Each structure stands twice: as structure tokens, then as C-alpha cells.
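Note that this is a predicted model, so its numbers are computed, not measured. FYI, the numbering just counts along the sequence from 1.
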Amino acid sequence: GVPFIDPVVAPDGHTYSRHAIEHWIRAWQKIGDGNVISPLSKALFLGLNPELVPDQDAEAAVLRQFPNDGSATSSRSSQAAYARTASGQIRSIYELNIVDIKLDSLRHILSEALDDWHPPQLVVIGEEKAGKSTLLERMLMMPFFPKAEEVCTRVCIHVRLRHARFATVPSLTVVDSVTGTTLRGPFPIPVEKGHVFVSEEMGRLVAEENGGEKGVCTTKMLRLNIAGPHLPSLDLV
């Protein structure tokens with residue numbers, strides 16, 4: 001994992017890096033419903049400006065483990081960008097962002113010239129319980145897909161990775177399967193507990209369409225939006 005940077009304790013009793021939990025709080029502030037949900041316990045923080053208390057014990061532990069400042073803040077994305085095999089083949093989809101990085105200086109020109117351009121889309125097709133979600137999760141390297149012994153991916157999930165200058169909190173949106181119209185959301189979801197949020201929304205959609213927990217939902221789909229400087233622009237379905 002990544003060491004805490006300026007660790008703080010939030011109202012849910014969990015410790016977070018200050019910039020990460022503040023980013024999460026700002027995402028919920030944009031919704032403006034008067035509450036912020038804990039990214040780990042899903043408990044409600046009171047108010048839109050919850051108090052964050054410095055965690056001195058966690059800070060001391062990080063300093064003991066990483067006496068040099070650079071060690072604790074090393075970039076995982078820079079490691080992925082150059083993690084090549086001896087033959088020069090790409091080992092991770094994150095390495096595809098090298099193209100986006102090269103084009104960053106032309107961003108303003110490309111946005112005008114390629115207004116109708118759509119990122120490459122990778123579609124995984126297979127029978128039930130064939131491991132489609134497992135494959136997508138291993139490619140994504142983030143725990144957003146539900147896990148269970150029975151069939152658990154009962155709604156189509158469209159993952160939209162986008163290369164961006166700044167990372168944003170991942171969000172989940174419910175859209176119409178045919179028109180692509182947004183029906184609910186977007187809602188911020190945490191990376192660590194992403195599969196919990198996705199599973200709950202998936203269960204809600206199945207119940208709305210079938211009147212119970214059984215079956216699948218075919219009229220709606222989940223769109224997972226993830227953006228950051230370490231990502232390529234790519235769609236996974």
C-alpha cells in the first residue's frame with residue numbers, strides 16, 4: 001500500500017491521508033444533500049465540513065518506517081509507466097498512458113480537432129461465472145467488482161478510465177442501457193470499498209426491475225468513472 005501523508009482521523013474513527021479524505025469530502029459537497037458518507041464504514045459524517053484531527057501516532061509510525069520523505073511519497077504511476085518486460089511488451093494497461101502523457105501538451109488542440117473521438121473500448125464476453133469480472137478487475141487493479149460464489153455481476157458495468165491532469169474521486173452513475181441517459185448519480189465511491197458500493201447499487205437495480213434479489217437487470221447499466229494522471233483513456237466493459 002501507500003503510506004499516509006499528513007494522516008488525520010475522520011469522524012468515522014478511521015485514519016486517512018489528509019488530501020485523500022478532503023478530496024472525498026469535496027466530492028460529496030458537490031452533491032449538496034447535507035451529508036458526507038464514510039468511504040470505509042458508510043456511516044454519515046455530521047454536516048458537510050466534518051472535523052479532521054491529526055493522527056500523531058500514524059505520523060510517527062510513517063516517519064519511523066520511511067525516514068526519507070521521498071520514500072513515502074514515491075509515485076506508483078511512475079513505476080508502472082516503466083515496468084516493461086525484457087522484450088519491451090506492456091505488462092499493465094496503466095502503461096498505455098504513455099501515449100496520453102505525450103499528447104498532454106496538445107490537449108487544447110486535440111479537444112477541438114477530435115470532438116467526436118471516443119477512446120478504445122475493450123469488451124470481455126463469456127458465459128456466466130466464466131471469470132469476466134475477475135479478468136476486468138485484474139486489468140483494472142482496483143477492487144470495484146462484486147465477489148461471490150454465485151453469479152453476482154447482474155448488471156453490465158462500463159468502466160471509463162480517463163487520463164487527466166489531476167486525480168478525482170471515482171464515481172458511479174446509473175444510466176439507461178439503450179440511450180445512455182443518466183438516471184442516478186454520479187455518486188463518489190472509495191477505491192478500497194468500491195465493490196461494496198457497486199454491489200449495493202447492483203442489488204437495487206435488480207430489485208427495481210425484477211421485484212426481488214433474483215435475475216439480472218438489462219434495462220440499466222452502471223458506469224464507473226475513474227480519472228487521473230496515471231491512467232490511460234480506455235473503456236472496459
Side-chain angles (χ1 to χ4, degrees), residues 23-24 27-28 30-33 35-44 92-94 96 117-164 167-228 230-237:
H23 202 167
W24 173 263
W28 278 97
K30 292 180 180 179
I31 297 178
D33 64 352
N35 293 299
V36 175
I37 293 178
S38 163
L40 293 181
S41 68
K42 300 196 70 177
L44 292 179
S92 164
I93 61 171
Y94 291 94
L96 297 174
W117 178 81
H118 298 284
Q121 187 173 86
L122 179 60
V123 181
V124 177
I125 301 175
E127 298 181 357
E128 290 184 354
K129 300 181 64 177
K132 299 183 296 296
S133 295
T134 300
L135 175 59
L136 286 171
E137 180 165 301
R138 289 182 177 179
M139 294 176 62
L140 188 60
M141 294 190 292
M142 297 181 190
F144 284 116
F145 293 88
K147 300 177 180 65
E149 293 183 1
E150 301 297 328
V151 177
C152 56
T153 306
R154 302 180 182 276
V155 181
C156 178
I157 302 177
H158 177 191
V159 181
R160 299 178 62 179
L161 301 178
R162 293 296 181 266
H163 180 76
T168 58
V169 174
S171 64
L172 192 65
T173 305
V174 178
V175 300
D176 185 282
S177 296
V178 177
T179 65
T181 304
T182 297
L183 303 176
R184 277 202 300 270
F187 308 105
I189 62 174
V191 174
E192 294 82 359
K193 294 285 186 178
H195 63 282
V196 175
F197 284 69
V198 171
S199 294
E200 290 183 354
E201 189 60 42
M202 192 173 290
R204 189 176 296 113
L205 293 177
V206 169
E208 290 174 355
E209 182 163 318
N210 302 300
E213 300 179 354
K214 301 295 183 179
V216 297
C217 177
T218 59
T219 60
K220 303 179 184 68
M221 64 185 298
L222 295 175
R223 180 177 293 159
L224 179 60
N225 301 288
I226 311 172
H230 62 296
L231 298 171
S233 290
L234 179 69
D235 286 8
L236 304 175
V237 181

Distance, nearest 0.5 Å, that separates [atom1] of [X] from [atom2] of [Y]:
X: Leu236; Y: Leu224; atom1: CG; atom2: CG; value: 9.5 Å
X: Met202; Y: Leu172; atom1: CE; atom2: CG; value: 8.5 Å
X: Arg204; Y: Glu209; atom1: CZ; atom2: CD; value: 15.0 Å
X: Arg223; Y: Cys156; atom1: CZ; atom2: SG; value: 10.5 Å
X: Lys220; Y: Thr218; atom1: NZ; atom2: OG1; value: 9.0 Å

Looking at [X] and [Y], would you say the former's side chain and the latter's main chain have a donor-acceptor pair under 3.5 Å?
X: Arg154; Y: Gly215; answer: yes
X: Gln121; Y: Val237; answer: no
X: Trp24; Y: Ile37; answer: yes

Subject >> Sole candidate of Val155, Val174, Thr173, Val206 that passes side chain to side chain contact (heavy atoms under 4.5 Å, CB included) when paired with Glu201 >> reply: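 Among Val155, Val174, Thr173, Val206, the one meeting side chain to side chain contact (heavy atoms under 4.5 Å, CB included) with Glu201 is Val174.
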**OP:** From the options Leu222, Leu183, Thr219, select the one residue that forms a side chain to side chain contact (heavy atoms under 4.5 Å, CB included) with Leu205.
**Re:**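 Per the side chain to side chain contact (heavy atoms under 4.5 Å, CB included) rule, the option paired with Leu205 is Leu222, out of Leu222, Leu183, Thr219.
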Minimum heavy-atom distance between [X] and [Y], given as atom pair plus value:
X: Ile157; Y: Phe145; value: CD1-CD2, 3.8 Å
X: Phe197; Y: Pro190; value: CE1-CD, 3.4 Å
X: Gly194; Y: Phe144; value: CA-CD2, 3.6 Å
X: Val216; Y: Asn210; value: O-ND2, 3.0 Å

Subject >> Stepwise side-chain contact (heavy atoms from CB on, under 4.5 Å) check, Ile226 with Val191 >> reply: CA-CA 10 Å; Ile226 311 172; Val191 174; over 6 Å; no
Original post:
Residues two or more places apart in sequence or in another chain: which of them pass side chain to side chain donor-acceptor pair (under 3.5 Å) with Thr181?
Top reply: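 Side chain to side chain donor-acceptor pair (under 3.5 Å) check on Thr181 returns Thr179.
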**OP:** Kindly write out the residues that satisfy side chain to side chain donor-acceptor pair (under 3.5 Å) with Asp235, not counting sequence neighbours, or none if the list is empty.
**Re:**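 Side chain to side chain donor-acceptor pair (under 3.5 Å) check on Asp235 returns His158, Arg162.
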Original post:
What do the steps show when you test Arg184 against Glu208 for salt bridge (charged side-chain N to carboxylate O under 4.0 Å, His left out), and what is the final call?
Top reply: CA-CA 13 Å; Arg184 277 202 300 270; Glu208 290 174 355; 3.2 Å; yes
